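Please read these numbers as outputs of a predicted model, since none were measured by experiment.
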Amino acid sequence: MIFERTIQLIGENAFQLLQTKRVILFGVGGVGGWCAEALIRTGLRHLTIVDFDIVSDSNINRQIVATRQNIGKSKVDEMKRRLISINPDADIECIQTKYGSEGSLQIDFTRYDYVIDAIDSIDCKIRLIYEVTSAGVTLFSSMGAGRKIDTTQIKIAEFWKVEGCPLARALRTKMRKLKLLPQTKFQCVYSPEISADSGTIAPIVGIFGFTLADLILKDIIYQCQ
């Protein structure tokens, strides 16, 4: 019954297909945490979350996983606890590692239907994008959400068509230098807004995360048409 309103909107066939899909999400901080929340609340059952970090007090202003009560605890463990409290039948796998770093786990991406990239590190992001696109798995990626305050400027575009985003520009420059170019096209969430101030806020990272989740949902609905 908790997904009755989801089914009313997307239909029984799309909902049943959603229940079969396997998603792996990298980074459960600002963008990734809100994405994970949206996916599970919509009805996704099989989700793997990957993050090496622990909760800190500086996360509280924007990360759904962070509270005053869980500072110092594993983000993936705390995120799993929250997601299971929403849907106890969800299959949540936690991997506490920094993907792309020396000694990190090798992941078989062909096990998954979708990969969500919410990583901050440029080097790790490049490695993830290259590996996922080489495996031919559908990838949705978050570009830079920092130094943004205007939610109306958030957009979706194919990676090579993202404009006005310093992170996307830096990724493309370093990918060319390393000769690790994406092997397939993939959609990105980004904002061309440039603020003079530093920092990151919840409304921006929340909409980035929700948009990534919605890209999966729309793809599933499209498959059922």
Side-chain angles (χ1 to χ4, degrees), residues 2-3 21-109 111-112 114-125 127-129 131-132 139-148 167 189 198-214 216:
I2 64 174
F3 299 115
K21 297 299 184 181
R22 295 185 175 274
V23 177
I24 183 167
L25 187 157
F26 290 83
V28 293
V31 173
W34 296 99
C35 180
E37 174 104 355
L39 288 170
I40 295 302
R41 286 190 183 274
T42 302
L44 182 78
R45 289 192 63 196
H46 306 289
L47 178 64
T48 299
I49 50 178
V50 185
D51 200 309
F52 72 98
D53 209 357
I54 60 173
V55 178
S56 67
D57 54 3
S58 64
N59 302 149
I60 292 176
N61 83 309
R62 69 195 185 282
Q63 298 187 12
I64 198 167
V65 70
T67 70
R68 295 293 297 274
Q69 285 70 46
N70 64 7
I71 291 172
K73 296 184 179 179
S74 160
K75 284 185 180 178
V76 288
D77 289 344
E78 291 301 295
M79 195 74 231
K80 178 177 180 177
R81 184 174 293 109
R82 179 179 177 87
L83 298 177
I84 291 297
S85 73
I86 295 166
N87 181 12
D89 294 327
D91 168 29
I92 311 294
E93 180 183 357
C94 296
I95 302 177
Q96 188 164 3
T97 191
K98 185 176 183 178
Y99 183 80
S101 63
E102 185 176 351
S104 64
L105 295 176
Q106 296 297 311
I107 296 174
D108 179 7
F109 291 109
R111 294 179 52 224
Y112 301 95
Y114 299 98
V115 178
I116 297 290
D117 160 34
I119 293 177
D120 293 329
S121 163
I122 288 181
D123 290 339
C124 295
K125 204 173 189 75
R127 175 58 62 181
L128 178 65
I129 290 170
E131 296 292 344
V132 174
L139 170 68
F140 297 121
S141 179
S142 171
M143 295 294 105
R147 300 180 64 189
K148 318 288 182 183
L167 176 58
V189 181
S198 61
T200 315
I201 57 171
I204 295 291
V205 297
I207 293 179
F208 266 61
F210 291 152
T211 304
L212 289 169
D214 192 51
I216 290 180

- Message: If you compare all heavy atoms of Phe210 against all heavy atoms of Ala38, which two are closest, and at what distance to 0.1 Å?
- Response: CD2-CB, 3.6 Å

- Task: State which residues pass salt bridge (Lys or Arg N to Asp or Glu O under 4.0 Å) with Asp214; sequence neighbours excluded, sorted by chain then number.
- Result: Lys218

- Message: Using side chain to side chain contact (heavy atoms under 4.5 Å, CB included), reason through Val189 and Met143 one step at a time and then give a plain yes or no.
- Response: CA-CA 6 Å; Val189 181; Met143 295 294 105; over 6 Å; no

- Point-to-point distance, once rounded to the nearest 0.5 Å, from OH of Tyr112 to NE2 of His46: 11.5 Å

- What's the verdict on side chain to side chain contact (heavy atoms under 4.5 Å, CB included) for Met79 and Ile64, showing C-alpha distance, side-chain angles and the deciding distance? CA-CA 8 Å; Met79 195 74 231; Ile64 198 167; 4.0 Å; yes

- Query: Between CD1 of Ile49 and CG of Leu25, what distance do you get to the nearest 0.5 Å?
  - Reply: 8.0 Å

- Query: Once you round to the nearest 0.5 Å, how far does SG of Cys35 lie from CZ of Phe140?
  - Reply: 10.0 Å

- Query: Taking the side chain from Thr97 and the backbone from Tyr99, do they hold a donor-acceptor pair closer than 3.5 Å?
  - Reply: no

- Is it true that a side-chain atom of Asn59 and a backbone atom of Val65 form a donor plus acceptor pair closer than 3.5 Å? no

- Query: Of all heavy-atom pairs between Arg68 and Ile60, which one has the smallest distance, and what is that distance?
  - Reply: CD-CD1, 3.4 Å

- Message: Please evaluate residues Ser142 and Asp117 with respect to the criterion side chain to side chain contact (heavy atoms under 4.5 Å, CB included), reporting the C-alpha separation (whole Å), side-chain torsions for both, the decisive distance (0.1 Å), and the verdict.
- Response: CA-CA 6 Å; Ser142 171; Asp117 160 34; 6.0 Å; no

- Within the side chain of Asp77, is there an N or O that forms a donor-acceptor pair under 3.5 Å with the backbone of Cys94? no

- Query: Excluding sequence neighbours, so at least two apart, what forms side-chain contact (heavy atoms from CB on, under 4.5 Å) with Ala118?
  - Reply: Val31

- Heavy-atom donor-acceptor pair, Asn87 side chain to Ile84 backbone, under 3.5 Å: no

- Message: Are the side chains of Lys125 and Leu167 in contact, using a 4.5 Å heavy-atom criterion?
- Response: yes

- Query: How are the rings of Phe109 and Phe26 set relative to one another: parallel (under 30°), tilted (30 to 60°) or perpendicular (over 60°)?
  - Reply: tilted

- Among Ile119, Ile24, Val76, which residue meets the side-chain contact (heavy atoms from CB on, under 4.5 Å) test with Val50? Ile24

- Message: Apply side chain to side chain contact (heavy atoms under 4.5 Å, CB included) to residues Val55 and Gln63 and explain how you reach the verdict.
- Response: CA-CA 9 Å; Val55 178; Gln63 298 187 12; over 6 Å; no

- Rounded to the nearest 0.5 Å, the CD1 atom of Ile2 sits from the CD1 atom of Ile40 at a distance of 10.0 Å

- Item | Distance (rounded to the nearest 0.5 Å) between Ile216 CD1 and Leu44 CG | 7.0 Å

- Mind jotting down which residue pairs meet the salt bridge (Lys or Arg N to Asp or Glu O under 4.0 Å) criterion with at least one end in residues 43-66? Sequence neighbours excluded, please. Asp53-Lys75

- Short N-O contact, Glu78 and Arg82, less than 4.0 angstrom: no

- Heavy-atom closest contact (Val205 atom, Ala145 atom, distance): CG1-CB, 3.9 Å

- Query: Does Leu47 reach the side chain of Asp91, with side-chain heavy atoms less than 4.5 Å apart?
  - Reply: no

- Query: What is the distance from atom CZ of Arg81 to atom OG of Ser74, rounded to the nearest 0.5 Å?
  - Reply: 9.0 Å

